[in-house]
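Beneath this line is the structure, given in structure tokens, with notes to follow.
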Amino acid sequence: MLTLRPAADRGHADHGWLKSLHSFSFADYHDPRHMGVGNLRVINEDRIAPGTGFGTHGHRDMEIISYVLSGALAHKDSLGNGQGAGAHDGVIRPGDVQRMSAGTGVRHSEFNHARDEATHFLQIWLLPRQEGLPPGYEQKHFDTAARRGRLALVASPDGAEGSVTVNADAWLRAGFFDGAERAEQTLAPQRPAYVHLVRGSLLVNGQQLHAGDALRLDGESQLVLDGGQDAEVLVFDLAP
């Protein structure tokens, strides 16, 4: 079964410095029909104005993935990342995938230091496989070429294929498709899959998607992506 989630139906918030579109219920947007899919709880498409950002705030027991589309996002956290003491400078750029495991508790900030360019990124939350895990951080870069015409694994429970490791029963793949480029992916029918089109247009199992649209797949054994026009897509394989 295929269920379309049109981009125009998403929740939205305009705080001036932040413009956000919510695929699922979040903050002041609440729709009992859209509380998430499987263990996927949040996909927010955020645009942060130059010289602004999220001040220091806390999270617990959530796997948080940041996926930057344009601009840059400066991250600092209580683990030392972005503060000179951590293993990473904390700056996330297009092609980077950042995973922060909130676990028992972490505090962080996210900021756009550019003077004249908005930061456009996706904020993704997954429920962890168990609560009370130690907090953690990981960041990796995935070249466009590695995602061109194929679905590259960028996040998984075991870090397979060079992906970031999430403490969740979920696999996330990303790809670019244009013209004759095509990809097929075997699905486990008992697990929901969720396809979020970041930009462009794309056929997903024959269903036309445009930027911001998403498609939920239940009971399907095959995913087919084709007919892309400057398309960038994320595909989630999720816990039932």
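Sequential numbering from 1 along the given sequence is applied to the chain's residues.
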For the student: nearest non-hydrogen atoms of Ala231 and Ser201, plus distance: CB-O, 3.3 Å
List the steps, then state whether side-chain contact (heavy atoms from CB on, under 4.5 Å) holds for Met100 with Met62. CA-CA 8 Å; Met100 185 178 73; Met62 194 66 69; over 6 Å; no
Any sub-3.5 Å donor-acceptor pair from Asp9's side-chain atoms to Pro6's backbone N or O? no
Greater than 12 external heavy atoms within 6.0 Å of Gln229's CD: no
Donor-acceptor pair, Asn167 side chain versus Pro128 backbone, under 3.5 Å? no
For Glu232, which of Thr144, Leu69, Asp178 qualifies under side-chain contact (heavy atoms from CB on, under 4.5 Å)? Leu69
dist Trp171:CH2 -> Leu238:CG (nearest 0.5 Å) comes out at 10.0 Å
Short question: side chain of Arg182, backbone of Gly179 - any donor-acceptor pair under 3.5 Å? no
Would you say Leu126 ends up clustered with Ile43 if hydrophobic residues are merged whenever their side chains have heavy atoms under 4.5 Å apart, either directly or through other cluster members? yes
Heavy-atom closest contact (Tyr194 atom, Ala214 atom, distance): OH-CB, 3.2 Å
Spell out, as yes or no, whether a donor-acceptor pair under 3.5 Å connects the side chain of Glu220 to the backbone of Met1. yes
Nearest-0.5 Å distance, CG of residue Leu79 to CZ of residue Arg107: 12.5 Å
Rounded to the nearest 0.5 Å, what separation is found between the CD1 atom of Ile92 and the OH atom of Tyr67? 13.0 Å
Over all atoms of both residues, closest heavy-atom pair of Thr165 and Pro157: CG2-O, 3.4 Å
Hey, could you give me the OG/CD distance between Ser221 and Gln185, rounded to the nearest 0.5 Å? 12.0 Å
Test item: Asn112 side-chain N/O and Ile48 main-chain N/O as donor-acceptor pair under 3.5 Å: yes
Minimal heavy-atom distance between Asp61 and Glu131, with the atoms involved, is OD1-CA, 3.4 Å
Step by step, work out the side-chain contact (heavy atoms from CB on, under 4.5 Å) result for Thr119 and Leu73. CA-CA 7 Å; Thr119 296; Leu73 188 66; 4.1 Å; yes
Tell me, yes or no, whether the heavy-atom count around His141 atom NE2, taken from other residues, nucleotides or ligands under 6.0 Å, exceeds 12. yes
Taking side-chain contact (heavy atoms from CB on, under 4.5 Å) as the criterion, tell me which of Leu209, Asn205, Leu203, Val204 meets it with Leu225. Val204
Look at the aromatic rings of Tyr29 and His22 and report parallel, tilted or perpendicular, splitting at 30° and 60°. parallel
For Ser101 and Arg99, does a side-chain donor sit closer than 3.5 Å to a side-chain acceptor? yes
At what distance, to the nearest 0.5 angstrom, does OG1 of Thr3 lie from CG of Leu215? 7.0 Å
Non-hydrogen side-chain atoms of Pro134 and Thr104 separated by less than 4.5 Å: no
How close do Ala168 and Glu63 get, heavy atom to heavy atom, and via which atoms? CB-CG, 4.3 Å
Report the relative orientation of the aromatic rings in Trp125 and Phe26; use parallel for angles under 30°, tilted for 30 to 60°, perpendicular for over 60°. perpendicular
Is the number of heavy atoms from other residues, nucleotides or ligands within 6.0 Å of CG (Asp143) greater than 12? yes
Do Asp46 and Ser20 get their side chains close enough for a donor-acceptor pair, meaning under 3.5 Å? yes
Let's go through His120 and Glu45 carefully: what are the C-alpha distance in whole Å and the side-chain angles of both, what is the deciding distance for side-chain contact (heavy atoms from CB on, under 4.5 Å) to 0.1 Å, and is it a yes or a no? CA-CA 7 Å; His120 183 196; Glu45 182 178 351; 2.8 Å; yes
CD-CG distance between Gln190 and Leu187, expressed to the nearest 0.5 angstrom: 10.0 Å
With the 4.5 Å side-chain cut-off for hydrophobic clustering, are Val166 and Phe236 part of the same group? yes
Within the side chain of Ser78, is there an N or O that forms a donor-acceptor pair under 3.5 Å with the backbone of Val106? no
Please check if the side chain of His57 supplies one atom and the backbone of Gly55 the other of a donor-acceptor pair under 3.5 Å. yes
Relative to the ring of His75, is the ring of Tyr137 parallel (under 30°), tilted (30 to 60°) or perpendicular (over 60°)? tilted
Linking I/L/V/M/F/W/Y whenever any side-chain heavy atoms sit under 4.5 Å apart, do Leu2 and Val233 land together? yes
Donor-acceptor pair, Arg191 side chain versus Pro240 backbone, under 3.5 Å? no
If you count heavy atoms of other groups shown closer than 6.0 angstrom to CD of Gln207, is the number above 12? yes
Minimum-distance pair of heavy atoms, taken over all atoms of Asp31 and Ser25: N-OG, 2.8 Å
Under 4.5 Å between side-chain heavy atoms, counting indirect links through other Ile/Leu/Val/Met/Phe/Trp/Tyr residues: same cluster for Val235 and Val97 or not? no
Evaluation steps, side-chain contact (heavy atoms from CB on, under 4.5 Å), between Glu181 and Arg148: CA-CA 8 Å; Glu181 293 171 335; Arg148 167 57 59 193; 2.7 Å; yes
Is there a chain of hydrophobic side chains (I, L, V, M, F, W, Y, each step under 4.5 Å between heavy atoms) that links Val164 to Leu122? yes
Between Arg5 (side chain only) and Ser23 (backbone N and O only), is there a donor and an acceptor less than 3.5 Å apart? yes
Please check: side-chain N/O of Asp14 versus main-chain N/O of Lys19, any donor-acceptor pairing under 3.5 Å? no
